[in-house]
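A quick write-up on the structure given underneath.
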Amino acid sequence: QSPPIRKLIDRLERVADTETSILITGETGTGKELVAQALHRRSRRHKGPFVAVNCAALPDALLESELFGHKSGAFTDAKTERKGLFFQASGGTLFFDEIGDFPLTLQPKLLISLEERCVRPIGGTSEINFDVRIIAATNRDIETAIEESRFREDLYYRINVIQIDLPPLRDRGTDILLLAQHFIERFAIRSDKQITGISNTASEKLLNYTWPGNVRELRNTIERAFALTAYEKISVDDLPEKIRDYNASHFFVGSDKPSELLSVQEVERRYILHVLKTVGGNKTLAAKVLGLDRKTLYRKLKHYKVD
């Protein structure tokens, strides 16, 4: 129900029924694949398959075979012909999870396939047309990867016609409690325990915590607390220690003692580091928060000898 999520849902409704390629960005655990599935269900391709491939989970050679397929005898273990995921997803949606980790050596082949709407299986001599909608997701800073020659710029623009940014859980306010209650109700269905909710003090702890693992971490926390609690409501004692004892850190640069006052450069250095840490090292997002263009941020990081 939070404003960031209501804005996200509105955007999804407007782009779901298009054929446009979409790039979903967001921190780990924010639910990028769930958003991709929602886009598929609301599209004109909803009766077709939703096929997902994790680009970070497969070795380069296996990923190439999975995506493009191979002919019998194309390599040592290719005893039978295999249709690739482009073919298997025909009429539906092909979802590239962790596209930021897509091997650089395969990126030219992927780009050509997306532009020509056809693939050539490994060991094949002819092209096979495909009809899929492309959705990709990443928690990586792809624009930085482009500047570091780890991701092709032309491929980035091909997959990123429309970008959807998922808000981190810490920016979603009381959605944290709505989600926690949702998980409690799900766990209660498959358990004999009669857990009805969360105590007020435990709720305050959940709202105060920053959730670096986002919704995935919240689900894990509630599942743990559900298993541990001996009461009808989850209490503070049922929460992990890191959440019970969490105190929000504050960026402090000043002092009442003249000898401890900081220079403007040192204040800037510390604040840049603080912002980078807060956004998980994402330089593109840090630059937006700081109101800088990315080249200026890189220049400052180099000046302050920040890796």
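Across every non-hydrogen atom of Ala225 and Ile234, the tightest pair is CB-CG2, 3.7 Å. Counting all heavy atoms, side chain and backbone alike, Phe68 lies closest to Ser113 at CE2-OG, 3.3 Å. Nearest approach of Cys118 to Asn129, heavy atoms of both residues: CB-OD1, 3.4 Å. Nearest heavy-atom pair, Ala202 versus Ser235, reported as atom, atom and distance to 0.1 Å: CB-C, 3.7 Å. Minimum interatomic distance between Ala89 and Leu94 (heavy atoms only, all atoms of both residues): CB-CB, 4.1 Å. The minimum heavy-atom distance between Ser126 and Pro121, with the atom names listed, is O-CD, 3.8 Å.
At a threshold of 4.0 Å, the pair Glu27-Lys32 does not count as salt-bridged, since none of the basic side-chain nitrogens sits closer than that to a carboxylate oxygen. Taking 4.0 Å as the cut-off between side-chain N and carboxylate O, Arg45 and Asp131 count as a salt-bridged pair. Ion pairing between Asp10 and Arg14 holds under the 4.0 Å rule for side-chain N and carboxylate O. Between Lys83 and Glu66 there is no salt bridge, since none of the side-chain N atoms of the basic residue sits less than 4.0 Å from a carboxylate O of the acidic one. Note on Arg120 versus Glu127: salt bridge recorded, some NZ/NE/NH1/NH2 to OD/OE distance being below 4.0 Å.
A heavy-atom distance below 4.5 Å is found between the side chains of Ile146 and Ile142. Between Arg150 and Leu104 the shortest side-chain heavy-atom distance does not fall below 4.5 Å. Residues Arg219 and Arg186 have side chains in contact (heavy-atom distance under 4.5 Å, counting atoms from C-beta outward). Residues Arg172 and Val215 form a side-chain contact, since some pair of their non-hydrogen atoms from C-beta on lies under 4.5 Å apart. Arg133 places a side-chain heavy atom less than 4.5 Å from the side chain of Ser43. At least one side-chain heavy atom of Leu169 sits under 4.5 Å from a side-chain heavy atom of Leu179. At a threshold of 4.5 Å between non-hydrogen side-chain atoms, the residues Thr174 and Ser2 do not count as touching. The side-chain heavy atoms of Phe95 and Glu33, taken from C-beta on, include a pair separated by under 4.5 Å.
A single hydrophobic cluster is not seen to contain both Ile243 and Val236; linkage of ILVMFWY side chains at heavy-atom distances under 4.5 Å, directly or through other members, places them apart. Grouping the Ile, Leu, Val, Met, Phe, Trp and Tyr side chains by contacts below 4.5 angstrom, directly or via other members, places Leu62 with Leu85. Residues Leu23 and Leu12 do not share a hydrophobic cluster, defined by chaining ILVMFWY side chains whose heavy atoms lie under 4.5 Å apart. Following chains of ILVMFWY side-chain contacts shorter than 4.5 Å, one can reach Val119 starting from Phe96, so the two form part of one hydrophobic cluster. In terms of hydrophobic clustering, with Ile, Leu, Val, Met, Phe, Trp and Tyr side chains grouped at heavy-atom distances under 4.5 Å, Ile198 and Leu218 are assigned to a common cluster.
Shown are Glu217, Arg244, Glu204; of these, the side-chain hydrogen bond (donor to acceptor under 3.5 Å, both in side chains) with Tyr209 is made only by Glu217. For the side chain to side chain contact (heavy atoms under 4.5 Å, CB included) with Leu239, the lone residue among Asp245, Leu206, Thr229 that qualifies is Leu206.
Between the CD1 atom of Ile134 and the CG atom of Leu110 there is a distance of 7.5 Å, given to the nearest 0.5 Å. Taken to the nearest 0.5 Å, the CZ atom of Arg269 stands 5.5 Å off from the CG atom of Leu273. Atom CG of Leu39 and atom OG1 of Thr18 lie 8.5 Å apart (nearest 0.5 Å). Interatomic distance, Ile164 CD1 to Ile135 CD1, rounded to the nearest 0.5 Å: 8.0 Å. Annotation: the span from Leu276 atom CG to Tyr271 atom OH amounts to 11.0 Å, rounded to 0.5 Å. The distance from atom CD1 of Ile5 to atom CG of Leu178, rounded to the nearest 0.5 Å, is 11.0 Å.
Shown here are the salt bridge (Lys or Arg N to Asp or Glu O under 4.0 Å) partners of Arg190, two or more places apart in sequence or in another chain: Glu223. When the salt bridge (Lys or Arg N to Asp or Glu O under 4.0 Å) test is applied to Glu98, no partner is found at least two apart in sequence or on another chain. The ring-ring contact (aromatic ring centres under 6.0 Å, His included) test applied to Phe130 returns Phe86, not counting sequence neighbours.
For the ring pair (Phe, Tyr, Trp, His ring centres under 6.0 Å) condition, the pairs that include at least one residue of residues 24-49, sequence neighbours left out, are His40-Phe50.
Within a 6.0 Å sphere centred on NZ of Lys7, heavy atoms belonging to other residues, nucleotides or ligands number 12 at most. Under a cut-off of 6.0 angstrom, the local environment of CZ in Arg140 is sparse, with at most 12 non-hydrogen atoms contributed by other residues, nucleotides or ligands. Crowding of Gln1 atom CD: a count of heavy atoms from other residues, nucleotides or ligands under 6.0 Å not exceeding 12. With a 6.0 Å radius and a threshold of 12 heavy atoms from other residues, nucleotides or ligands, Glu232 has its CD atom at or below the threshold.
Between the side chain of Thr210 and the backbone N or O of Pro212 there is no donor-acceptor pair closer than 3.5 Å. With hydrogens and angles disregarded, no donor-acceptor distance shorter than 3.5 Å links the side chain of Arg170 to the backbone of Leu207. Checked by atom type and distance alone, the side chain of Lys193 pairs as donor or acceptor with a backbone atom of Ala227 at under 3.5 Å.
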Could you give me the CA-CA distance, side-chain angles and deciding distance for Ser203 and Asn200, then say whether side chain to side chain donor-acceptor pair (under 3.5 Å) is met? CA-CA 5 Å; Ser203 295; Asn200 291 337; 5.2 Å; no
Check against side-chain contact (heavy atoms from CB on, under 4.5 Å), Gln163 and Thr25: CA-CA 7 Å; Gln163 184 169 332; Thr25 57; 3.3 Å; yes
Phe102 and Leu63: CA distance, side-chain angles, deciding distance, side-chain contact (heavy atoms from CB on, under 4.5 Å) verdict: CA-CA 9 Å; Phe102 199 88; Leu63 179 62; 3.8 Å; yes
For the pair Trp211 and Thr221, evaluate side-chain contact (heavy atoms from CB on, under 4.5 Å) and give the outcome as yes or no after the intermediate values. CA-CA 10 Å; Trp211 301 105; Thr221 297; 3.6 Å; yes
Determine, stepwise, if the pair Leu177 / His182 fulfils side-chain contact (heavy atoms from CB on, under 4.5 Å). CA-CA 8 Å; Leu177 301 182; His182 167 71; over 6 Å; no
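Side-chain N/O atoms of Asp141 and Thr284 include a donor and acceptor closer than 3.5 Å. If you check the side chains of Asn139 and Thr28, you find a donor sitting under 3.5 Å from an acceptor.
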Expected list for residues 286-296: side-chain donor-acceptor pairs under 3.5 angstrom, two or more places apart:
unit_1: Asp293; atom_1: OD1; unit_2: Lys295; atom_2: N; d: 3.2
unit_1: Asp293; atom_1: OD1; unit_2: Thr296; atom_2: N; d: 2.8
unit_1: Asp293; atom_1: OD1; unit_2: Thr296; atom_2: OG1; d: 2.9
unit_1: Asp293; atom_1: OD2; unit_2: Thr296; atom_2: OG1; d: 3.0
unit_1: Arg294; atom_1: NE; unit_2: Glu143; atom_2: OE1; d: 3.2
unit_1: Arg294; atom_1: NH1; unit_2: Tyr298; atom_2: OH; d: 2.9
unit_1: Arg294; atom_1: NH2; unit_2: Glu147; atom_2: OE2; d: 2.8

Under 3.5 Å, which donor-acceptor pairs link side chains of residues 51-61 to any protein atom two or more places apart or in another chain?
unit_1: Asn54; atom_1: OD1; unit_2: Ala56; atom_2: N; d: 2.9
unit_1: Asn54; atom_1: OD1; unit_2: Ala57; atom_2: N; d: 3.3

